[in-house]
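Only one structure is covered here, and it is reproduced in the block below.
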Amino acid sequence: MEGNTVMKALLWVLLVAAVAVNVSHSFVFDGAQRIAVGVGTGAVSLASAAALFLLRSKRAKA
């Protein structure tokens, strides 16, 4: 279970970092670089969010 917790923490850090870069990249980059950074960070954001969704703990219904 400990490995799963470390993986979730890493995915959260990756998600927050990708979202932060995606929000602020338009102030730093221009042209094709802006598009490439936006697509890359968007893909990382979606992938880490999907992985976090799949790793969520299942709660028993009462």
Which one of Leu11, Val19, Val13 satisfies the side-chain contact (heavy atoms from CB on, under 4.5 Å) criterion with Leu15?
Val19
Picking from Val44, Thr41, Val39, what satisfies side-chain contact (heavy atoms from CB on, under 4.5 Å) with Asn22?
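Of Val44, Thr41, Val39, side-chain contact (heavy atoms from CB on, under 4.5 Å) with Asn22 is met by Thr41 alone.
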Could you pull out the closest heavy-atom pair between Ser45 and Ser48, with the gap in Å?
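Residues Ser45 and Ser48, closest heavy atoms: O-OG, 3.2 Å.
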Would you compute the distance between atom OG1 of Thr5 and atom CG of Leu10 and round it to the nearest 0.5 angstrom?
12.5 Å
State the CZ-CG distance between Arg56 and Leu52, to the nearest 0.5 angstrom.
11.0 Å
Does Trp12 belong to the same Ile/Leu/Val/Met/Phe/Trp/Tyr cluster as Val23, with side-chain heavy atoms less than 4.5 Å apart forming each link?
yes
Same apolar cluster (I L V M F W Y, side chains within < 4.5 Å links), Val21/Val28:
yes
